[in-house]
Amino acid sequence: LTKYALRQWRKMTAVQERIFEWDFRCCNFKNMAPCCRFTPGEGECMNENVCYDMVEAHLLKNFDLILATSCIQTIFAFVVAIGACVLCQFLECKSRLKKKNFDKVDNE
């Protein structure tokens, strides 16, 4: 999960990083200590959070969604594969019966 989030973080441009950091009041990612920026005109810390901690819950929800949709797609693909096998067997049996009946007519 951390590797996935880090890849997504690295794909962001510098402007996107700054916007995210400002909106979520966080800084850096997982590998660095949290920073302490000062609010304008005051000496208090504005953000002390690492950005990964802010998005971890959202990433877990996304993985749950991916898990559910991939399970549904797997079941659907399995049903389609079984249906294709049944159809192939049906057509094969039909062609064998037709050939058998044609051979019977030729022998008579």
Side-chain angles (χ1 to χ4, degrees):
L1 184 62
T2 307
K3 289 179 183 180
Y4 171 76
L6 186 58
R7 278 196 312 267
Q8 296 300 319
W9 182 262
R10 287 182 179 156
K11 287 181 183 179
M12 291 170 52
T13 63
V15 174
Q16 289 173 327
E17 282 182 29
R18 298 296 162 243
I19 291 171
F20 185 87
E21 288 174 351
W22 181 260
D23 288 347
F24 286 92
R25 295 202 165 127
C26 64
C27 56
N28 304 327
F29 196 69
K30 187 82 173 157
N31 52 0
M32 296 160 70
C35 64
C36 181
R37 294 189 186 144
F38 296 99
T39 57
E42 298 177 18
E44 298 176 13
C45 255
M46 185 172 134
N47 52 347
E48 297 177 333
N49 298 319
V50 176
C51 288
Y52 175 74
D53 297 335
M54 304 298 288
V55 298
E56 184 178 19
H58 301 293
L59 290 173
L60 289 173
K61 285 181 187 175
N62 284 347
F63 277 115
D64 289 342
L65 180 65
I66 291 169
L67 173 70
T69 56
S70 63
C71 286
I72 291 170
Q73 289 175 347
T74 302
I75 292 168
F76 179 75
F78 179 73
V79 168
V80 168
I82 295 297
C85 289
V86 168
L87 180 64
C88 286
Q89 290 299 319
F90 174 76
L91 292 175
E92 184 69 29
C93 287
K94 188 176 176 182
S95 110
R96 285 181 188 168
L97 286 174
K98 210 177 217 183
K99 188 175 181 183
K100 198 174 193 182
N101 288 340
F102 185 72
D103 289 344
K104 255 188 196 177
V105 170
D106 283 347
N107 287 340
E108 291 177 0

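Position 1 is the first residue of the sequence; numbering continues from there.
- Of the listed residues (Ile75, Val80, Thr74, Ile82), just one forms a side-chain contact (heavy atoms from CB on, under 4.5 Å) with Phe78, and that residue is Ile82.
- Taking CE from Met12 and CZ from Arg18, the interatomic distance works out to 9.5 Å, rounded to the nearest 0.5 Å.
- Asp64 CG to Thr69 OG1: the interatomic distance, rounded to the nearest 0.5 Å, is 10.5 Å.
- In this structure, CD in Glu92 is found 10.5 Å from CG in Leu97, a value given to the nearest 0.5 Å.
- Within the model, atoms CD1 of Ile66 and SG of Cys71 stand 12.0 Å from one another, a figure rounded to the nearest 0.5 Å.
- Closest heavy-atom contact between Lys11 and Gln16: O-OE1, 4.4 Å.
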